[in-house]
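Notes follow the structure.
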Amino acid sequence: MAQRITPRSKNYSDWYVDIVLNAKLADYSPVKGTMVIRPRGYALWERMQSALDAMFKATGHENAYFPLLIPESFLKKEAEHVEGFAPECAVVTHGGGEELDEPLVIRPTSETIIWSMYKKWIQSYRDLPLLINQWANVVRWEKRTRLFLRTTEFLWQEGHTAHATEKEAREEALRMLEVYRTFAEEYMALPVYTGVKSESEKFAGAVDTYAIEAMMQDRKALQAGTSHFLGQNFAKAFDVTFQSQESTLEHVWATSWGVSTRLIGALIMAHSDDSGLVLPPKLAPTQVVVIPIFKNDTKDQVIEFTRRVHASLGKDLRTVIDEDDKNSPGWKFSEWEMVGVPVRVEIGPRDMERGQAVLVRRDTGEKSTVPVAEVAGRVHSLLDEIQTSLFRKAKAFQTECTHEVDTYEDMKRVLENEGGFVVAPWDGSPESEARVKEDTKATIRVLPFGNEEKAKGKTCAISGKPAKHIAVFAKSY
RNA sequence: CGGGAUGUAGCCUAGUGGCUAAGGCGCCUGCUUUGGGAGCAGGAGAUCGGAGGUUCGAAUCCUCUCAUCCCGACCA
């Protein structure tokens with residue numbers, strides 16, 4: 001048998017690419033840095049979309065759609081924003097066979113075009129808050145790409161909200177960060193650290209960037225979602241004002257927040273193994289596969305029996321039955337493991353005689369034999385167990401990968417040898433932050449909420465000066 | 001954009017100047033099979049990434065070019 005997936009222990013990058021290609025989640029497309037999301041990958045995205053979209057709606061947001069093309073001049077209106085994004089913008093210079101008067105930028109993000117519209121839509125405090133989300137594609141010209149994790153074009157959602165007060169906008173940014181944390185933990189079974197980004201890591205144009213950071217199996221961190229408090233930066237750049245209840249003219253306060261198809265990469269790298277994908281049941285496009293095992297003389301009876309068991313699972317689960325008679329059962333087992341279906345139900349002639357079925361967990365490989373009458377109930381509880389168990393396992397790994405250190409020697413040693421998150425006192429200076437990056441390639445992933453209190457009386461692990469923060473460092477994607 | 005590597009059938013690989021480019025996987029047809037990636041027989045599928053050059057003769061040597069992957073600098 002040919003090994004189709006490079007073991008993680010041999011080469012983690014190859015393993016990741018093998019999983020994506022062999023599980024048919026995506027494929028390389030002709031333009032460098034772009035990829036095709038194949039049906040199995042897109043189905044995962046659809047699962048994520050529907051869960052997130054419901055959460056956005058539940059917090060009062062509405063969906064809309066803004067255009068792909070943005071006048072170049074819009075981007076230049078916010079100084080930091082243009083500085084941050086100009087190098088990675090794709091620009092359209094020709095259209096209709098003629099050179100355009102003004103080049104058009106393909107959106108790397110939509111703040112500018114959205115705020116140009118918000119100027120038209122907002123006059124009074126009665127128009128606020130304005131809570132809009134869009135599901136869209138964006139383009140950022142990346143030099144180094146990786147399937148799902150970093151591609152030139154990707155899919156995401158971007159929420160853009162406008163508020164009357166700073167307090168309300170900050171609350172919104174934190175509320176959406178919490179939505180992302182909940183989604184990551186409850187749906188993706190992925191524990192995350194939350195907090196605020198350092199000055200050098202924050203979004204171009206934001207006052208504060210909040211993020212969720214997850215740990216991958218190779219002990220590198222991955223930013224899985226961001227939420228920005230934009231202050232009045234864009235309101236001022238686009239002159240968006242409203243008349244308050246007290247009749248004063250004020251600039252609007254803003255947030256934006258997003259997660260992308262990168263989450264699919266996070267999901268793969270968090271849970272999968274050398275046999276293929278491992279998916280949390282809540283997001284798995286197919287939750288249960290039923291495989292009849294038959295010989296020629298028993299084929300009809302076994303299939304008939306298997307169909308009844310399959311039907312007994314009910315309509316609330318996403319299930320398939322694999323009746324193909326060309327491939328052997330062993331082949332099917334491997335194939336469905338590759339795809340990451342959480343529970344497999346095997347039914348052969350012996351099971352039929354005894355009125356039972358064999359259930360197999362994808363995450364642990366554990367097999368159990370269950371009377372057919374109990375299959376539906378047992379499958380439901382197994383799916384719950386798998387969801388919980390994946391999270392627990394990932395949580396234990398996150399804990400194991402988190403090291404608190406006080407000295408620079410320890411910091412370098414841990415980052416070099418063990419990887420993972422390093423939690424250390426930091427003086428808050430860009431110099432110390434830069435030194436760590438220079439020496440270890442690690443960056444500050446997040447400054448946890450409330451870290452300033454804990455930093456009191458401590459000294460910076462890098463400079464030895466009084467610490468202002470307790471920072472979480474890691475090498476990252 | 002620097003450093004490294006690789007381009008031969010859908011995929012993986014052999015072939016380092018000489019006959020009609022070889023094998024495995026996959027694919028198609030038929031039969032036989034089916035409890036962890038089955039077996040037999042037959043079959044289709046390649047102008048060897050592209051262009052130019054050297055040579056009686058090039059997948060193989062030279063020049064240029066394109067693409068992809070890996071490692072760095074930049075980023076969700």
Side-chain angles (χ1 to χ4, degrees), chain A residues 1-6 11-14 16-18 21-22 27-35 83-89 108-109 137-158 180 197 200-204 209 211-214 221-228 256-266 275-276 291-299 302-303 322-338 344-353 356-358 360 365 367 369 437-438 441 443 445 476-477:
Chain A
M1 184 191 77
Q3 188 64 47
R4 294 206 284 173
I5 297 181
T6 306
N11 185 326
Y12 195 81
S13 294
D14 287 352
Y16 175 77
V17 172
D18 286 347
L21 298 180
N22 284 312
D27 203 353
Y28 295 105
S29 75
V31 177
K32 181 186 165 91
T34 63
M35 67 172 183
E83 198 182 322
F85 279 108
E88 45 187 294
C89 282
T109 177
N137 58 339
V138 287
V139 167
R140 298 179 185 176
W141 216 258
E142 296 290 347
K143 301 210 164 143
R144 189 171 163 190
T145 59
R146 225 144 128 45
L147 294 166
F148 287 115
L149 297 178
R150 180 166 298 104
T151 48
T152 288
E153 178 185 358
F154 58 94
L155 304 183
W156 76 348
Q157 62 61 221
E158 44 180 327
Y180 290 154
K197 287 283 184 182
S200 69
E201 295 284 325
K202 78 176 190 192
F203 172 73
T209 290
I212 57 173
E213 291 280 331
L222 183 85
Q223 180 172 310
T226 53
S227 180
H228 314 291
S256 68
W257 28 274
V259 296
S260 71
T261 38
R262 173 179 247 203
L263 288 179
I264 295 172
S275 302
I291 300 181
I293 298 162
F294 45 79
K295 297 188 198 295
N296 269 342
D297 54 341
T298 55
K299 180 176 172 181
V302 171
I303 285 191
D322 185 352
E323 297 181 7
D324 183 297
D325 63 356
K326 294 296 179 208
N327 294 313
S328 69
W331 189 92
K332 293 179 187 176
F333 297 163
S334 300
E335 191 61 23
W336 289 106
E337 278 166 9
M338 176 82 72
R344 180 170 77 234
V345 180
E346 306 173 3
I347 300 172
R350 291 203 298 275
D351 299 312
M352 185 174 66
E353 282 170 25
Q356 65 186 28
V358 176
V360 188
K367 295 192 179 189
T369 305
K437 190 172 182 183
E438 177 72 27
K441 310 269 189 256
T443 50
R445 301 320 302 160
S476 69
Y477 279 96

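Chain letters run A, B, ... following the sequence lines, proteins first, then strands; residues in each count from 1. All values below come from the heavy atoms of this structure, side chains included, with hydrogens, waters and symmetry mates left out. Keep in mind the model is a prediction, meaning the values are calculated, not measured.
- In the set B:U34, B:G36, B:G35, B:G36 carries the atom at the smallest distance from any side-chain atom of A:F333.
- Proximity of A:K326 to the phosphate of B:G37: no side-chain N or O atom is located under 4.0 Å from OP1 or OP2.
- Residue-level contact check: A:K441 touches the backbone only, with heavy atoms under 4.0 Å from sugar-phosphate atoms and none from bases.
- Within 4.0 Å of A:D14, counting heavy atoms only, lies no atom of the nucleic acid at all.
- Not one side-chain nitrogen or oxygen of A:R144 sits closer than 4.0 Å to the OP1 or OP2 atom of B:A73.
- At a threshold of 4.0 angstrom between heavy atoms, the contacts of A:P87 with the nucleic acid are absent.
- Rounded to whole Å, the separation between the P atoms of B:U33 and B:C40 comes to 15 Å.
- Within the 4.0 angstrom heavy-atom criterion, no nucleotide atom of any strand lies near A:E201.
- In a base pair of the Watson-Crick type (N1 to N3 plus N6-O4 or O6-N4) or a G-U wobble (N1-O2 and O6-N3), with each distance short of 3.5 Å, B:C75 is matched with no nucleotide.
- Atom CH2 of A:W141 is surrounded by 12 or fewer heavy atoms from other residues, nucleotides or ligands within 6.0 Å.
- Listed candidates were B:C70, B:U33, B:A76. Nearest to the side chain of A:R146 is B:C70.
- A gap of 48 Å separates the P atoms of B:U29 and B:U63, to the nearest Å.
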ask   = When you look at A:T151 and A:E142, which way does the side chain to side chain contact (heavy atoms under 4.5 Å, CB included) test go after all the steps?
value = CA-CA 7 Å; A:T151 48; A:E142 296 290 347; over 6 Å; no
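- Base pairing annotation: B:U20 forms no Watson-Crick or G-U wobble pair, as no partner gives both donor-acceptor distances under 3.5 Å.
- Between A:S476 and A:R445 there is a side-chain heavy-atom pair separated by less than 4.5 Å.
- Closest to the side chain of A:E88, from the set B:C75, B:C69, B:U34, is B:C75.
- Picking from B:C70, B:U34, B:G36 the nucleotide with the shortest atom distance to the side chain of A:P329 gives B:U34.
- Residue A:K197 is out of contact with every strand shown, counting any heavy-atom pair closer than 4.0 Å.
- Taking atom CZ of residue A:R150 and atom P of nucleotide B:C70, one finds them 12 Å apart after rounding to whole Å.
- Nucleic acid contact for A:T151: base, since at least one base atom lies under 4.0 Å from a heavy atom of the residue.
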ask   = Can you give one letter per nucleotide of nucleotides 2-11 of chain B, going 5' to 3': B for a protein heavy atom under 4.0 Å from the base, S for sugar-phosphate only, - for none?
value = ----------
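- Separation of the C1' atoms belonging to B:G30 and B:C48 is 33 Å when rounded to the nearest angstrom.
- With a 3.5 Å ceiling on both atom-pair distances, the Watson-Crick or G-U wobble partner of B:C27 is B:G43.
- Here, B:A5 and B:C25 have their C1' atoms 24 Å apart, quoted to the whole Å.
- In the set B:G37, B:C74, B:G35, the nucleotide with an atom closest to the side chain of A:E142 is B:C74.
- Here A:V138 lies out of heavy-atom contact (under 4.0 Å) with every strand.
- Using P as the reference atom, B:G23 and B:A14 are 16 Å apart when rounded to the nearest Å.
- As judged by a 4.0 angstrom heavy-atom cut-off over every strand, A:M352 is placed among residues making no nucleic acid contact.
- Rounding to whole angstrom units, CD1 of residue A:I5 and C1' of B:C25 are separated by 16 Å.
- Separation of the C1' atoms belonging to B:C1 and B:C74 is 10 Å when rounded to the nearest angstrom.
- In this model, no donor atom of one side chain and acceptor atom of the other lie less than 3.5 Å apart for A:N11 and A:T6.
- OP1 and OP2 of B:C74 both lie 4.0 Å or more from every side-chain N or O belonging to A:K143.
- Below 30°, between 30° and 60°, or above 60°: for A:H228 and A:F203 the angle between ring planes is below 30°, a parallel geometry.
- Residue A:Y28 places its side chain closer to B:C69 than to any other of B:G36, B:C75, B:C69.
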inquiry  = Go through it in stages, so that I can follow the logic: the residues are A:W331 and A:K326, the test is side chain to side chain contact (heavy atoms under 4.5 Å, CB included), and I'd like the CA-CA distance, side-chain angles, deciding distance and then a yes or no.
reply    = CA-CA 10 Å; A:W331 189 92; A:K326 294 296 179 208; over 6 Å; no
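- Heavy atoms of A:N11 sit nowhere under 4.0 angstrom from any nucleic acid atom.
- The separation of B:G26 from B:C11, taken at their P atoms, amounts to 15 Å, rounded to a whole angstrom.
- Counting any heavy atom pair closer than 4.0 Å across all strands shown, A:L149 reaches a base atom.
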request  = Decide side chain to side chain contact (heavy atoms under 4.5 Å, CB included) for A:I293 and A:K332; before the verdict, give the C-alpha distance in whole Å, the side-chain angles of both, and the deciding distance to 0.1 Å.
outcome  = CA-CA 10 Å; A:I293 298 162; A:K332 293 179 187 176; over 6 Å; no
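- In the set B:C75, B:G36, B:U34, the nucleotide with an atom closest to the side chain of A:I293 is B:U34.
- Judged by Watson-Crick or G-U wobble contacts below 3.5 Å, the nucleotide B:A59 has no partner.
- Closest to the side chain of A:R344, out of B:G36, B:U34, B:G35, is B:G36.
- Checked by atom type, the side-chain pair A:T226/A:T209 shows no donor-acceptor distance below 3.5 Å.
- Spacing of C1' atoms, B:G2 relative to B:U20, comes out at 46 Å, to the nearest Å.
- For A:S328, a side-chain nitrogen or oxygen approaches OP1 or OP2 of B:A38 to under 4.0 Å.
- Between B:G37, B:C75, B:A73, one nucleotide has an atom nearer to the side chain of A:S334 than all others, and that is B:G37.
- In this structure, A:R262 contributes its side chain and A:Q223 its backbone to a donor-acceptor pair below 3.5 Å.
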task = Go through the steps for A:K299 and A:E323 under the test salt bridge (Lys or Arg N to Asp or Glu O under 4.0 Å), then give the verdict.
result = CA-CA 10 Å; A:K299 180 176 172 181; A:E323 297 181 7; over 6 Å; no
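- A:R150 forms no cation-pi arrangement with A:Y477, by the criterion of a distance under 6.0 Å to the ring centre and an angle within 45° of the ring axis.
- Among B:U34, B:C74, B:C70, the nucleotide with an atom closest to any side-chain atom of A:S13 is B:C70.
- As judged by a 4.0 angstrom heavy-atom cut-off over every strand, A:T226 is placed among residues making no nucleic acid contact.
- Of all nucleotides present, only B:U68 satisfies the Watson-Crick or G-U wobble test against B:A5, with each distance under 3.5 Å.
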